[in-house]
Amino acid sequence: MMVLNRELRLEDGEVLLVDKPKGWTSFDVVNKIRHLFHVRKVGHAGTLDPMATGLLIVCIGKKTKEIVKYVGMEKEYDAEMTLGGRTESYDAETPVIEIRPVDGITAERVSEVLAQFVGPQAQVPPMWSAASVGGTRLYKLARKGKVVERRPREIVVNSITQAPVPLPLVRFTVVCSKGTYVRGLVNDMGERLGCGAYLSALVRTRIGPYRLADAFSMTDLEALRAAQGASPA
């Protein structure tokens, strides 16, 4: 838990490191902070999916002008993928729609495939994502059962470090550029392995030099508000 002896200077703007809870959208966090501290201008620097947890950088007041600076920073995630199944969203947000055998899939083969995804590459944004086509968020179209053409985006995966865990689970830490969809990587890894895979857990641990270990939980922020009060910004 963060040490709650920091005085928020809302009139000058603030940059908060927040640990987004599972099940919350990034906008839920922004909205909570807006109402908690009675501020109008609040924004975040990089969306996290509802099922994901971890570091969200939230800018308040005058600091919202600096959001673009944080959006472009390198990201680090701890990811877990489950082999042998596929979902429409590429993660655990939607049900498993296909089950495939994992017979013959070895830890060595998984390591080989993960290594193939390190480096610059073109990635097509998943339909279940906050990317926009024609001004409409893709996930809104996906919820209606619609699939539209998406243009590939250039991303860079700087490193993938695998953790020892029994199959069919695979856990790894990935360091990547902005705009990288980890569940997109996982879906592609599953296809290359031939058994399918979906992202079963995701934690963002770092954005540039900013780390999850230094972030406020939502409970921390509520305690901070109660202890220090807030001034309109």
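Residues satisfying the salt bridge (charged side-chain N to carboxylate O under 4.0 Å, His left out) criterion with Glu191, sequence neighbours excluded, are Arg86, Arg100. The salt bridge (charged side-chain N to carboxylate O under 4.0 Å, His left out) test applied to Lys69 returns Glu66, not counting sequence neighbours. For the salt bridge (charged side-chain N to carboxylate O under 4.0 Å, His left out) test, no residue two or more places apart in sequence or in another chain qualifies with Glu93. For the side chain to side chain donor-acceptor pair (under 3.5 Å) test, residues two or more places apart in sequence or in another chain that qualify with Arg171 are Glu80. In this structure, the side chain to side chain donor-acceptor pair (under 3.5 Å) partners of Thr82, at least two apart in sequence or on a different chain, are Ser200. Remark: Arg153 pairs with no residue by the side chain to side chain donor-acceptor pair (under 3.5 Å) rule, at least two apart or across chains. For Lys75, the side chain to side chain donor-acceptor pair (under 3.5 Å) criterion is met by no residue, not counting sequence neighbours. Applying the salt bridge (charged side-chain N to carboxylate O under 4.0 Å, His left out) criterion to Glu112, with sequence neighbours excluded, gives Arg109.
Each of Leu48 and Leu16 belongs to its own hydrophobic cluster when Ile, Leu, Val, Met, Phe, Trp and Tyr are linked at side-chain heavy-atom distances under 4.5 angstrom. Connection of Val182 to Met51 is not established within any shared hydrophobic cluster, with ILVMFWY side chains joined at heavy-atom distances below 4.5 Å, either directly or through further cluster members. Side-chain heavy atoms closer than 4.5 Å link hydrophobic residues (I, L, V, M, F, W, Y) into clusters, and following such links, even through other members, never connects Phe117 to Val175. Criterion: ILVMFWY side-chain heavy atoms under 4.5 Å apart, direct or through other members. Under it, Ile207 and Tyr77 are not part of a common hydrophobic cluster. Hydrophobic cluster membership is shared by Leu199 and Val102, with clusters built from Ile, Leu, Val, Met, Phe, Trp and Tyr side chains linked at under 4.5 angstrom.
For the ring-ring contact (aromatic ring centres under 6.0 Å, His included) condition, the pairs that include at least one residue of residues 168-210, sequence neighbours left out, are Tyr70-Tyr210. Residue pairs that meet the ring-ring contact (aromatic ring centres under 6.0 Å, His included) test with at least one member in residues 86-111, sequence neighbours left out, do not exist here.
Atoms CG and CZ, from Leu55 and Arg206 in turn, are 10.0 Å apart once rounded to the nearest 0.5 Å. From Ile57, atom CD1 reaches atom OG of Ser26 across 12.0 Å, with rounding to the nearest 0.5 Å. Distance check, rounded to the nearest 0.5 Å: CG of Leu83 to SG of Cys195 gives 4.5 Å. In this structure, CG in Leu56 is found 9.5 Å from CG in Leu17, a value given to the nearest 0.5 Å. Atom NE2 of His35 is separated from atom CG of Asn31 by 5.0 Å, given to the nearest 0.5 angstrom. Note: Thr64 OG1 to His44 NE2 = 13.0 Å, rounded to the nearest 0.5 Å.
The heavy-atom pair separating Ala122 from Glu154 by the smallest distance is CB-OE2, 3.7 Å. Between Val203 and Leu212 the shortest heavy-atom distance is CG1-CD2, 3.7 Å. Pairing each heavy atom of Cys59 with each of Val15, the nearest pair is SG-CG2, 4.3 Å. The shortest non-hydrogen separation linking Gln123 to Gly179 is OE1-O, 3.9 Å. Across every non-hydrogen atom of Gly43 and Val30, the tightest pair is C-CG2, 4.2 Å.
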Would Thr53 and Lys20 count as a side-chain contact (heavy atoms from CB on, under 4.5 Å) here? Give the steps. CA-CA 5 Å; Thr53 65; Lys20 188 192 82 65; 5.5 Å; no

Given the rule in the side-chain contact (heavy atoms from CB on, under 4.5 Å) test, do Leu221 and Val18 qualify, once you have shown the distances and angles that lead to the verdict? CA-CA 9 Å; Leu221 292 176; Val18 180; 4.1 Å; yes

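Judged by distance alone, the side chain of Arg150 and the main-chain N or O of Val124 form no donor-acceptor pair under 3.5 Å. Not a single donor-acceptor pair under 3.5 Å links the side chain of Glu98 to the backbone N or O of Val96. A donor-acceptor pair under 3.5 Å is formed between the side chain of Thr94 and the backbone N or O of Ser89.
Asp78 and Thr205 form no side-chain donor-acceptor contact under 3.5 Å, judged by distance and modelled atom types alone.
Within the 4.5 Å cutoff, side-chain heavy atoms of Gln116 are placed close to those of Arg192. You'll find the side chain of Arg225 reaches within 4.5 Å of the side chain of His38, heavy atoms only. Under the 4.5 Å side-chain criterion, counting only non-hydrogen atoms from C-beta, Met73 is not in contact with Lys178. Counting heavy atoms from C-beta on, the side chains of Met81 and Leu185 never come closer than 4.5 Å. In this structure the side chain of Val110 never reaches within 4.5 angstrom of the side chain of Val113, judged on heavy atoms. Here the side chains of Lys32 and Glu222 are in contact, with some heavy-atom distance below 4.5 Å. Side-chain contact check for Val174 versus Glu76: every heavy-atom pair is 4.5 Å or farther apart.
Using a 4.0 Å cut-off between charged side-chain N and carboxylate O, Asp49 and Arg183 make a salt bridge.
Grouped by direct or indirect side-chain proximity (heavy atoms under 4.5 Å, Ile/Leu/Val/Met/Phe/Trp/Tyr only), Val71 sits with Ile67.
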Below 3.5 Å, can you tabulate the donor-acceptor pairs from side chains in residues 156-170 to any protein atom, sequence neighbours excluded?
unit_1: Asn158; atom_1: ND2; unit_2: Glu74; atom_2: OE2; d: 2.9
unit_1: Gln162; atom_1: OE1; unit_2: Ser111; atom_2: OG; d: 2.7

